[in-house]
Amino acid sequence: MSDPSLFLVCLSVHPRHPGMWKMLIVVMCVALLGCLQAQELQEHVSIILLGATGDLAKKYLWQGLFQLYLDEVGRGHSFSFHGAALTAPKQGQELMAKALESLSCPKDMAPSHCAEEKDQFLQLSRYRQLKTAEDYQALNKDIEAQLQHAGLREAGRIFYFSVPPFAYADIARNINSSCRPGPGAWLRVVLEKPFGHDHFSAQQLATELGSFFQEEEMYRVDHYLGKQAVAQILPFRDQNRKALDSLWNRHHVERVEIIMKETVDAEGRTSFYEEYGVIRDVLQNHLTEVLTLVAMELPLNVSSAEAVLRHKLQVFQALRGLQRGSAVVGQYQSYSEQVRRELQKPDSFHSLTPTFAAVLVHIDNLRWEGVPFILMSGKALDERVGYARILFKNQACCVQSEKHWAAAQSQCLPRQLIFHIGHGDLGSPAVLVSRNLFRPSLPSSWKEMEGPPGLRLFGSPLSDYYAYSPVQERDAHSVLLSHIFHGRKDSFITTENLLASWGFWTPLLESLAHKAPRLYPGGAENGRLLDFEFSSGRLFFSQQQPEQLVPGPGPAPMPSDFQVLRAKYRESPLVSAWSEELISKLANDIEATAVRAVRRFGQFHLALSGGSSPVALFQQLATAHYGFPWAHTHLWLVDERCVPYYNIHPMPVHLQQRLCAEEDQGAQIYAREISALVANSSFDLVLLGMGADGHTASLFPQSPTGLDGEQLVVLTTSPSQPHRRMSLSLPLINRAKKVAVLVMGRMKREITALVSRVGYEPKKWPISGVLPHSGQLVWYMDYDAFLA
Ligand code: BG6
C-alpha cells in the first residue's frame with residue numbers, strides 16, 4: 001500500500017445513506033486498490049543466464065525459465081531474459097536459438113496458446129556476449145535503458161551461473177562492480193555445484209564469493225532439493241505429525257536407506273569425474289541433503305528458511321565422524337580405460353576414483369542413536385532409481401497364515417515409508433506408506449496413484465502401500481527457478497550448510513584417497529559383487545574378494561571373461577591390500593580359523609608375535625570380533641623380549657629374579673608347557689612378522705640356535721636392544737597348522753623384494769626357513785611393503 005490517504009477515503013462513510021454508501025464505497029475501494037496493486041506490481045525482472053548455450057541450459061534451464069515465465073507473467077511481472085556466454089554474438093545467437101527450439105508447454109495448454117506464449121518468450125530472450133568488464137557495463141546500461149524506456153520499476157535481477165566454478169570469481173567481480181540493480185531492487189546469484197573439492201577449497205571459494213555477495217543474495221543449487229519427492233519430505237512430516245511423532249525415532253526405525261543408482265557411466269565427463277568421484281559428486285550434496293531432511297528435528301514452521309537451516313545444522317553437529325571402515329567403494333571396470341582415452345593418460349594408468357560408494361552414517365542424538373543411515377550411489381549399476389526409504393522395526397509374530405494377512409492391519413508385513421525420488425519401476429516421483437502404518441495426508445497437488453498391475457516395490461506389492469504421486473510432474477530446475485524468483489531460500493545451500501557438509505565428508509575422502517576400489521563389470525552383470533553388509537559401525541562387501549578382478553582380453557568384458565589374479569609369494573598364497581583392509585582380512589581369517597578349531601577340538605591355540613605391525617590387528621580383534629571364541633582360546637607368545645611380563649602363557653623370561661639366564665631353563669620350561677597343552681606342539685595359528693634384516697620371531701640372521709635342531713624354544717641374541725630374547729624355534733613354528741606372516745610399511749620394502757628372490761637360507765634370512773611341514777603359510781602384506 002503506497003498511499004495511506006486512500007485508507008482514510010475508503011473508511012469515511014456518507015452520513016445520509018450509510019448502508020448503501022458503505023457498500024458502494026467498499027466496492028470502489030476494492031477495485032481501486034486492485035488497480036493500484038496491479039500497477040505497483042508491474043515490476044520488471046531481468047534474468048541473465050550465464051552459460052546459456054551449455055548442456056545444463058539446453059537440457060533444463062531454458063525450459064525452466066519458460067515455465068517461470070508462463071507461471072508469473074500473468075501476475076503483474078514483466079521479464080527480460082539475457083542468454084550469455086563467452087561466444088561471439090553471431091555464433092552465440094545461433095547456438096542459443098538451437099537451445100530454445102525444443103521448449104514445450106504444459107500438457108493441458110492448447111497448441112495455439114502455446115505457440116503464442118513461446119513466441120512472446122522468444123521475443124524477450126536475447127543473446128549477449130559477456131566476456132570483458134565492458135560487456136558487463138554494457139549489460140547494465142541496456143537493462144537501465146530498457147526500464148526507463150518502458151517506464152518499468154525494477155524488481156530485481158537474477159544471474160544464473162551455469163558455468164564451471166573456475167569462472168565464478170571473474171563473473172562475480174564484474175556483477176558486483178557494474179551490474180548491481182539500483183536501490184530497492186534485489187540481486188540473486190544462482191550457483192551450480194561443484195562448490196569446492198573438500199572443506200578447505202569450499203571455504204576458499206565461499207570466502208571469495210562472500211567478498212562480492214551478501215549471503216542472502218546467493219542461491220547455491222542442489223537440484224535434488226527441487227525434486228518433488230524430496231521437496232515433500234518436510235511438508236509430509238509436518239502434515240502427518242500426529243502419526244509420525246511416535247514413530248520417527250530409534251525405537252521404531254530399523255534403518256534408513258538413501259539411494260541414488262544410475263545406469264549411465266562417466267564416459268565423456270571423466271575430466272570432471274576423475275577429480276570428484278561419486279562421493280563428492282552425489283553423496284556429499286544430494287544424499288546428505290536428503291539425510292538432513294529425514295533426520296532433522298521438525299521445525300514448527302517448515303517453510304521458515306532460517307528454522308530449516310538451524311535444524312539442518314543440528315543434524316550435522318550430531319553426525320558421528322566417518323572412518324575408512326564406514327565405506328565401501330567400487331569402480332566400474334571400463335572406467336580407467338575411459339580416463340586413459342579421454343585424458344590421454346599412459347597405458348599403465350589406473351584410476352583410484354570411486355564410481356560406486358556405500359557409506360554407513362550414524363547420528364549420535366537421542367532420536368537416532370543406533371539407527372544406521374545408509375547412503376549409496378553408483379554409476380553403471382543395474383537400474384536408475386532414487387529414493388529415501390525408512391524401514392520400521394517389526395517384532396510382531398503373526399499366528400494366522402499369510403493368506404489371512406490384510407495389508408492394512410497385519411503387523412507382520414513390512415512397515416516402510418518411501419520418498420521415491422524418481423525412475424525405477426515406478427517411473428515417477430511418489431510417496432509410499434505401508435498400509436499397516438497409517439493413512440497419510442498429502443496436499444492437493446498430490447494424488448493417489450496406481451501402478452502397473454503386479455508391480456512390487458521394496459518387497460511388497462504396490463497395493464500394500466498408500467501411494468501418491470504429484471498431480472503435475474515438474475522438473476527439479478523448474479521448481480527451483482520458481483523458488484529463486486519468490487526468494488524462498490529454504491531450498492538452497494547456505495555457506496554454513498555447505499561447510500558443515502564438507503567438514504563431515506572430508507576426513508573420509510582423505511582416508512579413501514589411496515584405497516583401491518573394487519572393480520565391477522557394470523549393469524546387471526554386477527551380480528552380488530557390490531552387495532554389502534554392516535556391523536559394529538563398519539560396512540563391508542558381503543562377498544570376500546581380496547584378490548582384484550582383472551579383465552581378460554576383449555573390448556567389452558563379461559563376468560565370464562573375468563579372471564582372478566591369484567597372488568603368490570615364495571610359492572605360497574599372498575594376500576595384499578592397503579593396510580586397513582589387510583588387517584580386516586587377517587582378523588577375519590584368524591577368527592574363521594579359531595571358530596573351526598574350537599568346533600573340531602574344543603580349543604584354539606594361538607601364538608602371537610609382538611612388535612608394532614600387529615598392534616592394529618590386536619585392536620581389531622579386541623574391539624570388532626564379537627564372534628571370536630575367546631573363552632576357548634589359549635594365547636601363546638611367539639617370542640618375548642627379556643623384560644618382566646604380566647601376560648597369559650607368558651614366556652618364563654623372568655625367573656629367580658633374573659632375566660633369561662641359561663641355568664634357569666626358562667626355554668625348556670616353556671617348551672614343556674607347550675608340549676603339555678598343545679597337541680603335538682602344533683599351534684593352530686602362528687602369527688609372525690618379518691624384520692628388515694629378515695629375522696622372524698626372535699630368530700636373527702646367523703643365530704646359533706633355533707634355526708634347526710630339536711629345541712622347541714631357545715634363547716637368542718638380538719642385534720638391537722633388549723639383546724637377550726627367548727623365541728620359538730623354526731622347527732616348532734613349522735609344526736603349526738597355519739602360519740601367517742604380517743608385513744607392513746615402507747620400511748619393509750627392501751627386505752620384501754629381497755626375500756621374494758631367495759631360496760631356503762634361514763642362516764641368512766631366518767624368515768626363509770618358515771615352511772610349515774603340513775600346515776599352511778600365508779603372507780599378509782600391505783601395499784606399502786609389497787609394491788616395491
Ligand atoms: C548430478 C551429478 O549432480 O546428478 C551427476 O553430477 C548425476 O553425476 C546427476 O548423474 C543425477 O541427477 P538426476 O537428476 O538424473 O538424478
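For ligands, and for the atoms within them, numbers begin at 1 and follow the listed sequence.
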Which option out of Lys227, Glu192, Glu262, Met260 puts a heavy atom nearest to atom 13 (P) of ligand 1? Lys227
Numbering as shown, the atoms of ligand 1 that approach Lys193 to under 4.0 Å (heavy-atom distance): 1 (C), 2 (C), 3 (O), 6 (O)
Atom 12 (O) of ligand 1 [closest protein heavy-atom partner, distance rounded to 0.1 Å]: His223 NE2, 3.2 Å
Within the 4.0 Å heavy-atom shell around Lys379, which atoms of ligand 1 are there? 5 (C), 7 (C), 8 (O), 10 (O)
A student checking ligand 1 against Asp281 at a 4.0 Å heavy-atom cut-off should list atoms 2 (C), 5 (C), 6 (O), 8 (O)
So does Asp71 pair up with Arg474, basic N to acidic O under 4.0 Å? yes
Of all the non-hydrogen atoms in the protein, which one sits nearest to atom 16 (O) of ligand 1, and at what distance? Tyr224 OH, 2.5 Å
For atom 3 (O) of ligand 1, which candidate among Arg280, Lys59, His423, His286 holds the nearest heavy atom? His286
Relative to each other, are the rings of Tyr69 and Phe81 parallel, tilted or perpendicular (30° and 60° limits)? perpendicular
Taking all non-hydrogen atoms of both residues into account, name the closest pair between Gln228 and Glu473 and its distance. OE1-CA, 3.5 Å
Per-atom contacts of ligand 1 with Arg384, taking only distances under 4.0 Å to non-hydrogen atoms: 15 (O)
Count the heavy atoms belonging to other residues, nucleotides or ligands that lie under 6.0 Å from CD of Glu216, then report whether that count exceeds 12. yes
Check this for me: does any side-chain nitrogen of one of Asp198 and Arg280 sit under 4.0 Å from a carboxylate oxygen of the other? no
Tell me whether Arg341 is salt-bridged to Glu267, with the criterion being a basic N under 4.0 Å from an acidic carboxylate O. yes
